[in-house]
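Keep in mind that what you see is a predicted model, and the values were worked out from it rather than measured. Letters go in sequence order (proteins before strands), and every chain restarts at 1.
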Number of protein chains: 2
Amino acid sequence: MDVISVIRTKRDRGELSPAQIDWVIDAYTRGEVAHEQMSSLAMAIFLNGMNRTEIARWTAAMIASGERMDFSSLPRPTADKHSTGGVGDKITLPLAPLVAACGAAVPQLSGRGLGHTGGTLDKLESIPGWRATLSNAAMLDVLRDVGSVICAAGDGLAPADKKLYALRDVTGTVESIPLIASSIMSKKIAEGTGSLVLDVKVGSGAFMKDLDNARELASTMVELGTDHGVKTVALLTDMATPLGLTAGNALEVRESVEVLAGGGPQDVIDLTLALAREMLDAAGLKDADPAKALADGSAMDHWRRMIRAQGGDPDATLPVAREQHVVTASSSGTLTTLDAYAVGLAAWRLGAGRARKEDPVQAGAGIEMHAKPGDTVTAGQPLLTLHTDTPEKLPYALEALDGSVLVGPADAAFAATPVVLERIA
Amino acid sequence: MDVISVIRTKRDRGELSPAQIDWVIDAYTRGEVAHEQMSSLAMAIFLNGMNRTEIARWTAAMIASGERMDFSSLPRPTADKHSTGGVGDKITLPLAPLVAACGAAVPQLSGRGLGHTGGTLDKLESIPGWRATLSNAAMLDVLRDVGSVICAAGDGLAPADKKLYALRDVTGTVESIPLIASSIMSKKIAEGTGSLVLDVKVGSGAFMKDLDNARELASTMVELGTDHGVKTVALLTDMATPLGLTAGNALEVRESVEVLAGGGPQDVIDLTLALAREMLDAAGLKDADPAKALADGSAMDHWRRMIRAQGGDPDATLPVAREQHVVTASSSGTLTTLDAYAVGLAAWRLGAGRARKEDPVQAGAGIEMHAKPGDTVTAGQPLLTLHTDTPEKLPYALEALDGSVLVGPADAAFAATPVVLERIA
């Protein structure tokens, strides 16, 4: 087996054989196949695709590159959620303790943000004392005691994916359905969850800009999960507009706590409950009532225990950025557009996200939204508050928003989009 | 400017801007763009192509990455030849001294072989004492004294191409017309020749397997040369069958000397004279008579002086491989097929070529052919003699030849192919 023949097969629109896939993933993990060879193969896959058989084998080979976790010793069924990433997508924060409060175990291995979408671990790290890194044993302890845990994936899970993900990030080969699906599912299957709900975002702020691509990604992942014995369901959800009224690390923690306290924006509540119902259903807990767990404070109770178990203080004051800048409505009417990508890019430029893996993020930076599309606004009223520790970046954030926050006439036709667009199982 | 946006432009079938091309070539040469980034860009170019404007700029950027040589101080017009590489293609050896004998200066910067096609420097290095490496000053001296020089290109010429060529070799991105054309022409234009004749091979033993691709490569290169003020002409020549009766290093030197002595196989003589006429014509020496220079011994005289000027002994006995193995005709009739790729692969496996840049080659290894397609053969007569220092590799060489040397009935229809198929200027 040699790597040039593997690259040529895909370059010339052929189908990679199971032996070619097993070999190239293993050889890349061991360092025998060089980065520059894997990146030309990744570009060939990006442009010429992989069929379902190839994707399944590619995923299996990445799982086989590392350890697999096992939660079968837990007394509760496990349920996990994965989002393909969006702007203002803080759902994991209220969702994990809520589902735990309803009787499932939620082993939520999460990542950090790169580019315009935030990362769950970055958000939680704005809570004073909170630590993302746990040993496998400590993670199991938290799962047993609290029922949910949100932490960084260990280095032992799907190391081939870790290496390939970092490579794709610097070689322009990220937005490929076969590569995205196999990356997500190899980690989730290796993690050992019994059931999985996928939140596949669609719209300007998501990787998938249109419904057809999102559908293909979702059905590919559902099939991969099912083939590996993981009960898998996908919801396609709207990401044309940011979720909730905040984008940024501490800002999103604050909003998540509002939802756990029984308040918060309606779209965040709706999506949290929709995903909770799918997770509980997939875990076989069909009688659980997540709306009740949100209302009676038991979800909040699990949140506080979960944050404490990882060293965080749930009562601590959250960091606030040094400077604020308010964007007001230039005319009266109806807010017709608040573009998710523009808000994500602006929040990133304000310091909420990172350009390179090793960059720090600002805990307080980000954007508060004071109106959402469909709302009536008055000239001069605040639409957004921009938060940053680096005000010299404000002009770049405002540039990102230019033309992406639009006010139309009061009687502007406006069709509200539901949060959940489709379900694929 | 950032490399991801350059990669994405080509990945998404866009046209690279002049600024993008200048930046990415310069940044890659300096090491700011990493190998894995250039290889994903190279695969995107392989699959999505470049138009003529992009190829011209890409070539100019590679020329600008290093020094340019200048032969304007020479009293003779300069003429160079480049072959895209074939099996048994020893033409440079008799051609350079022949054209020098007719009054042109021939600065022949050559390469080593990789894969199934041999390298001119590897062939000459089988002559005891001969050295491939000369300083620029020493090269000019040989050109002034003898009129022709065949040596390795210095590190200062088109370093971007040197780096990219080595990268393409290990990433499955070799056989791309825009990348081949820009690679060849950046070196030849930087070398500073006044005129250039391209020998573009077509057939199983060549990079270009069919006439349409060869035509596109040839016309791309002719346009690039002309745009840079180099008078450029291309001949498309046959590489379905090996050139001459030998493939291998010392074996091909011996055959070249036979041609210079007035003998040798007709196809080698014909192609040498055709290329010599084109070079002399492009150099403005329209009255020169290369057939006469071959017949009267003046080409041989230039050969001997050229070899001596680089430390070689033109009278030394050439190395002979330790073992020989004869392949005979299994039936009587007409030899209908002697496949160039199979012969090249077999010679490579016998030790005449290298798998990696750092491998040595065997001076004596290779294949002698005792018949060519169209010849009448008798059962049991020798068709090939295989030469090698590593007889344990013989079975692999024979395997490469299996089914590629075919004898048909005596009255088999056989259409002889001319050596020169087309001329593009």
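Annotation: cation-pi geometry not satisfied between B/Lys201 and B/Phe207 (NZ/CZ under 6.0 angstrom from ring centroid, within 45° of ring axis). For the pair A/Lys187 and A/Tyr165, the cation-pi test (distance below 6.0 Å, angle within 45°) is passed. In this structure, A/Lys209 forms a cation-pi arrangement with A/Tyr341, its terminal cationic atom sitting closer than 6.0 Å to the ring centre and no more than 45° off the ring axis.
Ranked by heavy-atom pairs under 4.5 Å with chain B, the list A/Ile7, A/Thr171, A/Val174 is led by A/Thr171. With respect to chain B, the highest number of heavy-atom pairs below 4.5 Å among A/Val170, A/Val3, A/Thr173 belongs to A/Val170.
Heavy atoms of A/Arg8 lying under 4.5 Å from chain B belong exclusively to its side chain. Looking at A/Asn48, only its side chain comes within 4.5 Å of chain B, counting heavy atoms on both sides. Interface remark: A/Ala42 contributes no atoms to any contact with chain B (heavy atom separation under 4.5 Å).
The backbone N or O of A/Arg354 sits less than 3.5 Å from a side-chain atom of A/Trp348, completing a donor-acceptor pair.
To the nearest 0.5 Å, atoms CE (A/Met208) and CD (A/Glu175) are separated by 8.0 Å.
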